[in-house]
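Inspection log for the structure reproduced underneath, given as structure tokens.
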Protein chains: 2
Amino acid sequence: MANNKYRFFIFLYMNEQSYPEFTGLELSPRKVDYLKFILEKGGTVRTTEISSGLQVDPSTTSKTLNELANAGYLNHVPYRGVDLTELGKAYTQFLIRRHRILSLLLTHYGLSSEEACDEVSRFEAFVSRDAVDKICSSMGHPMFGVCGEISHGKCLHEETHHRLPE
Amino acid sequence: MANNKYRFFIFLYMNEQSYPEFTGLELSPRKVDYLKFILEKGGTVRTTEISSGLQVDPSTTSKTLNELANAGYLNHVPYRGVDLTELGKAYTQFLIRRHRILSLLLTHYGLSSEEACDEVSRFEAFVSRDAVDKICSSMGHPMFGVCGEISHGKCLHEETHHRLPE
DNA sequence: CAAAAATTTGGGTATACACCAAATTTATTC
DNA sequence: GAATAAATTTGGTGTATACCCAAATTTTTG
């Protein structure tokens, strides 16, 4: 019984749902790219993988990773690599949901999947979580988007605001 | 007859249609604000009107107006004010159409007019003209949006690409 | 025409994003 | 197990955007 409770806590902790405070406007477009890349890569990711993935100098990557770590999204072990913190995971799940919802939306207006994805990549960092949640509700919480499955951590229960014990 | 021809030329010159080259991504979010403000104000606009309208120091306004003039969107008579060039008019008509189309779109997904307008203001500068034209077509070229009438300079004839004589 | 108001200029700050070169750490190979 | 190679970080720079203040300039007004 105590064990079940613990597992439930872990589930909440890893979900977007657990961080009702963020607006979705916290990160610059480029930082959004970094987090999405790291989540999609999975586990611990090295500087070189990111710098070649995002076509940027390793020194730029190193500095950006440091900033994301200072902001609490990443664990950074110097010379070893980064992985997402629990906050980082929850936040990046939102980033990916946002990207997919917006891309899906644009495909309903005559853009191809690729066009929609490119277009959204340019502006998504400036679309608020509130707007994404409303769009998501209005679309009936679609499960599949143009870039793969949409993860519905929070969108399904906008009214519920679970908080972590303090 | 020669007179009619001349008027026709003027009509084209002042229309979005006449500039098939721009992508809609030329200007930063703030510069978009400046041009929209100037078009809505109409005629010659003074630095003070803009700086109080956009809540920014007059010195900042003065510098930005200079940049927009150098880029060809404004005529700037020092100490007197600015007005839109023909390019500036055509471009700003697109900016306003983009703003209205995107705002209208978001109101179809559960956002209020004001929410949609605020949301769009944050990201519109990063939405391409191609995407706007596709969305506009797909919506059936709506004539009214949440922020007033939508001006359809170009959207009605995507296939036609008039060019200025050189 | 002198004072007041508007505008511009010069100088300074901050953020975001990028690069290169040099220093440091880790990994490899002999 | 060192020497070399590869990866990473640090320090220094550069560009672009956007903002402010103070001082100089121009225009307006009383």
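In what follows, chains are A, B, ... by sequence order, proteins preceding strands, each numbered from 1.
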Pairs meeting criterion side-chain hydrogen bond (donor to acceptor under 3.5 Å, both in side chains) with involvement of residues 50-61 of chain A, two or more places apart: A:D57-A:S59
Distance, rounded to the nearest Å, where B:F126 contributes CZ and D:dA16 contributes C1': 12 Å
Integer-rounded Å distance: C:dA6 C1' and B:I50 CD1: 13 Å
Residues forming a salt bridge (charged side-chain N to carboxylate O under 4.0 Å, His left out) with A:E26, sequence neighbours excluded: none
Contact list for DNA chain D against residues 58-80 of chain A - heavy-atom distance below 4.0 Å: A:P58, A:S59, A:S62, A:K63, A:H76, A:P78, A:Y79
With sequence neighbours excluded, residues passing side chain to side chain contact (heavy atoms under 4.5 Å, CB included) with B:N66: B:N70, B:H76
Separation of atom OH in B:Y34 from atom P in D:dT17, rounded to whole Å: 13 Å
Ring centres under 6.0 angstrom apart (B:F123, A:F123): yes
Options C:dC17, D:dC19, D:dA18, nucleotide nearest the side-chain atoms of B:S28: D:dA18
Salt bridge (charged side-chain N to carboxylate O under 4.0 Å, His left out) contacts touching residues 39-48 of chain A (sequence neighbours left out): A:K41-A:E49
Pairing residues for A:P78 by the side chain to side chain contact (heavy atoms under 4.5 Å, CB included) criterion, not counting sequence neighbours: none
Atom-pair distance (CG on A:D57; C1' on D:dT15), nearest Å: 16 Å
Toward the 5' end of DNA chain C, by each residue's nearest nucleotide, A:L54 or B:R46: B:R46
